[in-house]
Amino acid sequence: MASSINGRKPSEIFQGQALLYRHIYAFIDSMCLKWIVELDIPNIIHNHGKPITVSELVSILKVPQTKAGNVQRIMRYMAHNGFFERVRIQEEQEENEAYALTAASELLVKGSELCLAPMVECVLDPTLSGSYHQLKKWIYEEDLTLFGVSLGSHFWEFLNENPEYNKSFNDAMASDSQMINLALRDCNSGFEGVESIVDVGGGIGTTAKIICDTFPNLKCIVFDRPKVVENLSGTNNLSYVGGDMFQSVPKADAVLLKWILHNWTDNDCRRILEKCKEAVSSDGEKGKVIIIEMVINENQDEHEITGTKLLMDVNMACLNGKERSEEEWKKLFIEAGFRDYKISPLTGFLSLIEVYP
Ligand SMILES: C[S@@+](CC[C@H](N)C(=O)[O-])C[C@H]1O[C@@H](n2cnc3c(N)ncnc32)[C@H](O)[C@@H]1O
């Protein structure tokens with residue numbers, strides 16, 4: 001009879017070992033991504049205008065020849081993970097291997113219309129990523145967020161006190177908001193008939209500017225912490241207001257909350273939603289809160305999308321926030337006094353939720 005340990009076959013145990021090793025070293029995935037961005041490799045390939053060989057890349061990067069093999073190995077690994085496409089190219093008499101951009105690495109080309117490089121730089125800065133070494137300490141601290149444990153203050157206070165990191169965070173959020181541009185081309189139903197909107201926690205106004213460009217008759221207010229908006233100036237249909245969404249929200253037909261509620265506990269979300277309800281118009285369909293967030297749907301989403309949503313949920317747990325299922329969203333809306341809601345798909349993992357007072 002084949003040997004077994006704890007009732008498990010050796011093949012099953014070896015699979016478990018492989019899974020463990022995959023996760024022990026998973027941080028290297030993030031660090032290789034950071035390396036690609038730090039070395040500007042997506043821009044180098046983009047400017048090259050065709051797939052690039054490792055020797056061309058090494059010469060542009062001016063790294064020592066002794067490290068050429070290491071560049072090749074990181075490129076090969078990141079190609080395996082979907083960040084580059086490995087293609088064969090014919091050069092003079094020789095056939096060589098070269099690397100082309102994929103949909104994911106095109107999103108890292110700095111200066112292009114859609115670029116998530118600032119998100120990579122902000123999240124993988126040791127300030128944020130290093131905090132995750134404190135998960136054990138955090139779980140025993142009754143109310144503190146992970147950043148409360150690692151940085152000594154709430155995340156938003158930390159940003160107030162660290163202008164450089166505050167800028168990096170705002171740029172990261174703005175880079176993500178650019179993706180809304182793409183989504184709004186195919187989905188404008190939520191904004192039809194709305195004449196004014198306040199983007200609560202709207203950061204430096206990237207989403208609001210996109211909305212103003214897409215719907216030129218719409219007046220937009222960007223509302224955020226005073227430190228975020230203090231030096232920003234608006235246009236004729238976009239203005240900036242500083243304040244605290246827990247105190248009051250400027251009045252408008254509709255309120256937009258993009259990536260806000262997942263940062264907060266259910267209690268805090270109820271308080272924010274109540275302030276939003278007070279702010280929006282009571283005039284028919286115009287008055288609504290438009291939420292752009294994830295909706296966890298483990299039964300219907302693809303395994304990979306669920307994995308991303310659950311990963312973000314762990315990330316949010318560290319801020320005492322959470323990613324929510326439809327049931328959890330519905331409960332929040334009812335408790336905050338709203339009568340109905342509608343969920344529509346927006347991007348790969350974000351939904352647009354319209355909530356009616
Ligand atoms: C995760 S970011 C989202 C930014 C933007 N909506 C986006 O998606 O790019 C959360 C935003 O909420 C803002 N914020 C945090 N606390 C706030 C408060 N009490 N009142 C107003 N805004 C706040 C932060 O400054 C930050 O810009």
Side-chain angles (χ1 to χ4, degrees), residues 114-119 121-123 128 145-148 151 153-184 190 197-212 220-232 238-250 252 254-265 267-276 278-279 289-294 312-313 315-324 346-347 349-353:
L114 301 174
C115 174
L116 290 171
M119 185 64 85
E121 287 163 343
C122 172
V123 175
L128 212 78
T145 63
L146 177 67
F147 304 110
L151 308 173
S153 58
H154 196 284
F155 190 57
W156 308 117
E157 286 159 24
F158 172 80
L159 292 184
N160 277 342
E161 286 151 17
N162 292 274
E164 207 176 307
Y165 196 71
N166 192 35
K167 180 174 182 321
S168 166
F169 179 79
N170 291 335
D171 290 347
M173 288 299 130
S175 74
D176 179 77
S177 290
Q178 292 288 357
M179 304 299 291
I180 296 299
N181 210 342
L182 190 61
L184 285 186
I197 191 161
V198 51
D199 185 3
V200 172
I204 55 176
T206 308
T207 307
K209 282 181 198 151
I210 290 164
I211 292 171
C212 285
C220 220
I221 300 169
V222 179
F223 180 71
D224 209 293
R225 294 177 294 119
K227 276 264 185 248
V228 175
V229 295
E230 64 190 357
N231 294 320
L232 301 174
L238 184 140
S239 55
Y240 289 92
V241 176
D244 178 359
M245 62 191 170
F246 289 98
Q247 300 299 322
S248 73
V249 166
V255 161
L256 175 66
L257 292 166
K258 174 180 170 275
W259 261 5
I260 301 301
L261 298 177
H262 74 166
N263 293 146
W264 300 95
T265 63
N267 248 340
D268 288 333
C269 286
R270 265 190 295 276
R271 288 171 57 210
I272 297 168
L273 283 168
E274 280 163 9
K275 291 295 168 199
C276 293
E278 284 167 25
V289 177
I290 301 171
I291 296 172
I292 298 180
E293 290 273 5
M294 293 183 187
M312 287 300 283
D313 180 53
N315 190 25
M316 288 307 123
C318 298
L319 274 171
N320 292 352
K322 70 205 276 199
E323 302 298 346
R324 295 174 167 88
L346 187 68
T347 70
F349 53 73
L350 289 177
S351 298
L352 186 137
I353 314 175

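In listed order, ligands and their atoms are each counted from 1.
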Pairs of nitrogen or oxygen atoms closer than 3.5 Å, one from Asp199 and one from ligand 1: do any exist? no
Selection residues 157-166 - residue pairs positive for salt bridge (charged side-chain N to carboxylate O under 4.0 Å, His left out), sequence neighbours left out: none
Would one find an N or O of Gly201, backbone or side chain, under 3.5 Å from an N or O of ligand 1? yes
Please confirm whether Asp224 comes within less than 3.5 Å of ligand 1 when only nitrogen or oxygen atoms on both sides are compared. yes
Given that the side chain starts at C-beta and the backbone is N, CA, C, O, which of these parts of Asp176 lies under 4.0 Å from ligand 1, counting heavy atoms, or is it both or neither? neither
Protein contact of atom 2 (S) of ligand 1 - nearest heavy atom, named by residue and atom, plus distance: Met173 SD, 3.8 Å
Considering distance alone, does some N or O of His262 sit under 3.5 Å from an N or O of ligand 1? no
Within reach of ligand 1, part of Asp244 (heavy-atom separation under 4.0 Å): both
Under the rule for side-chain contact (heavy atoms from CB on, under 4.5 Å), what residues qualify as partners of Pro250, not counting sequence neighbours? Val198, Ile221, Phe223, Val241
Taking every heavy atom of Phe246 against every heavy atom of Asp268, the minimum-distance pair comes out as CE2-O, 3.7 Å
Is there a heavy atom of Val228 sitting under 4.0 angstrom from any atom of ligand 1? yes
For Trp156 and Phe147, what are the C-alpha separation, side-chain angles and deciding distance, and is it a ring pair (Phe, Tyr, Trp, His ring centres under 6.0 Å)? CA-CA 10 Å; Trp156 308 117; Phe147 304 110; 9.4 Å; no
Start with the C-alpha gap between Ile290 and Val255, add the side-chain angles, then the distance that decides, and say whether side chain to side chain contact (heavy atoms under 4.5 Å, CB included) holds. CA-CA 6 Å; Ile290 301 171; Val255 161; over 6 Å; no
Asn263 near ligand 1 by a heavy-atom separation under 4.0 Å: yes
Might you work through the salt bridge (charged side-chain N to carboxylate O under 4.0 Å, His left out) test for Asp313 and Arg324, ending with a clear yes or no? CA-CA 8 Å; Asp313 180 53; Arg324 295 174 167 88; over 6 Å; no
Please compare Glu293, Lys258, Met316, Met245 and report which has the shortest non-hydrogen distance to atom 17 (C) of ligand 1. Met245
Nearest protein heavy atom to atom 12 (O) of ligand 1, by residue and atom, and its distance? Ile260 CD1, 3.6 Å
Would you mind reporting whether Lys275 and Met245 have side-chain heavy atoms less than 4.5 Å apart? no
